[in-house]
Amino acid sequence: GSVIATSTLWLAVASNSTLYHGADTAIVHIFKSDPSSSSIVRVAGLRPKSISNNQNMKFGHSVAIGPVDAVVGAPAFNLDGKIGAGAFMSYRFRAAADVWGRHPLVTSAYDAAAADHFGHSLSLEGTYLAVANNPDSPARQAVYVMTKNGFEFVHLHKIQAQTRLG
C-alpha cells in the first residue's frame with residue numbers, strides 16, 4: 001500500500017488502486033495487532049459511502065487512525081456542485097461488537113470551494129483532527145483544526161498561511 005496510518009493497536013492501509021479507481025473498488029484495509037500471537041490480522045475493509053457524482057473522489061488519498069476512530073480523506077469529493085471541494089469520511093470502532101462502522105457520513109470544510117481538495121492530508125491525535133487542503137489557489141491553502149463532539153468532528157480553527165510580497 002502507499003498510504004499508511006498507525007496507532008498503538010491499529011494499522012490502516014490504502015493501496016494505489018484505491019486512490020485512482022471509482023467508489024466500487026475503493027477500500028482502506030484495517031489491521032489489528034494481536035500481542036498474544038505477535039501477528040497482525042485484517043479486521044475490516046472501509047469503503048466510501050456511495051454518493052452520486054463522486055465515483056472518483058480519491059477515497060483513501062489520506063488516512064488517520066486512533067484508538068476508536070479512523071478518518072479517510074476523499075480530496076476530489078464533489079460537494080453541492082463544487083467540483084473537487086473535498087471531504088473526509090469518518091468511521092468509528094464499536095468495541096462491544098468488535099467491528100468498524102461508518103459514523104457520521106461525510107464532513108467538508110465549512111467554507112468549501114471548488115478545487116480546494118479538503119482532506120488532502122489528515123492527522124489525528126486524541127480528540128483533535130487536523131485536515132489540510134491542497135487547492136489550486138495558494139491563497140486558499142489552509143489547515144482546519146477540528147475536535148470531537150460526541151460522534152462527529154466539529155470545526156475549531158482555520159489556520160491559513162500569510163502571503164508575503166516583496
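FYI, side chains are in, hydrogens and waters are out, and symmetry mates aren't considered; it's all heavy atoms of this structure.
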Measure the spacing between OG1 of Thr6 and CG of Leu9 and express it to the nearest 0.5 Å. 11.5 Å

Do Val72 and Phe88 come within less than 4.5 Å of each other through their side chains, counting heavy atoms only? no

Counterpart residues, side-chain hydrogen bond (donor to acceptor under 3.5 Å, both in side chains), relative to Ser36 (two or more places apart): Asp34

Counting distance only, does the side-chain N/O of Trp10 pair as donor-acceptor with the main-chain N or O of Pro67 below 3.5 Å? yes

State, to 0.1 Å, how close Val143 and Ala130 come at their nearest heavy-atom pair, and which atoms those are. CG1-CB, 4.1 Å

As an exercise, state the distance from OG of Ser7 to CG of Asp69, rounded to the nearest 0.5 Å. 10.5 Å

Of all heavy-atom pairs linking Val28 and Ala14, the shortest is CG2-CB, 3.9 Å

When rounded to the nearest 0.5 Å, the distance separating OG1 of Thr147 from CG of Leu129 is 9.0 Å

Donor-acceptor list for residues 38-46 side chains, cut-off 3.5 Å, not counting sequence neighbours:
{"residue": "Ser39", "atom": "OG", "partner": "Ser37", "partner atom": "OG", "Å": "2.6"}
{"residue": "Arg42", "atom": "NE", "partner": "His29", "partner atom": "ND1", "Å": "2.8"}
{"residue": "Arg42", "atom": "NH2", "partner": "His29", "partner atom": "ND1", "Å": "3.3"}

Side-chain contact, heavy-atom cut-off 4.5 Å: Thr107 with Glu152? no

Minimal non-hydrogen separation, Ile65 against Ala12, with atom names: CD1-CB, 4.2 Å

Asn133 side chain to Ala142 main-chain N or O, any donor-acceptor pair under 3.5 Å? yes

Can you name the residues that form a side-chain hydrogen bond (donor to acceptor under 3.5 Å, both in side chains) with Lys158, not counting sequence neighbours? Asp111

What is the distance from atom CE of Met146 to atom CZ of Phe153, rounded to the nearest 0.5 Å? 8.0 Å

Partner set under ring-ring contact (aromatic ring centres under 6.0 Å, His included) for His155, not counting sequence neighbours: Tyr110, Tyr144

Distance-only donor-acceptor pairs under 3.5 Å for side chains of residues 112-127, two or more places apart:
{"residue": "Asp116", "atom": "OD1", "partner": "Arg140", "partner atom": "NE", "Å": "2.9"}
{"residue": "Asp116", "atom": "OD2", "partner": "Ala113", "partner atom": "N", "Å": "3.1"}
{"residue": "Asp116", "atom": "OD2", "partner": "Arg140", "partner atom": "NH2", "Å": "2.7"}
{"residue": "His117", "atom": "ND1", "partner": "Pro75", "partner atom": "O", "Å": "3.2"}
{"residue": "His120", "atom": "NE2", "partner": "His61", "partner atom": "NE2", "Å": "3.3"}
{"residue": "His120", "atom": "NE2", "partner": "Asn134", "partner atom": "ND2", "Å": "3.4"}

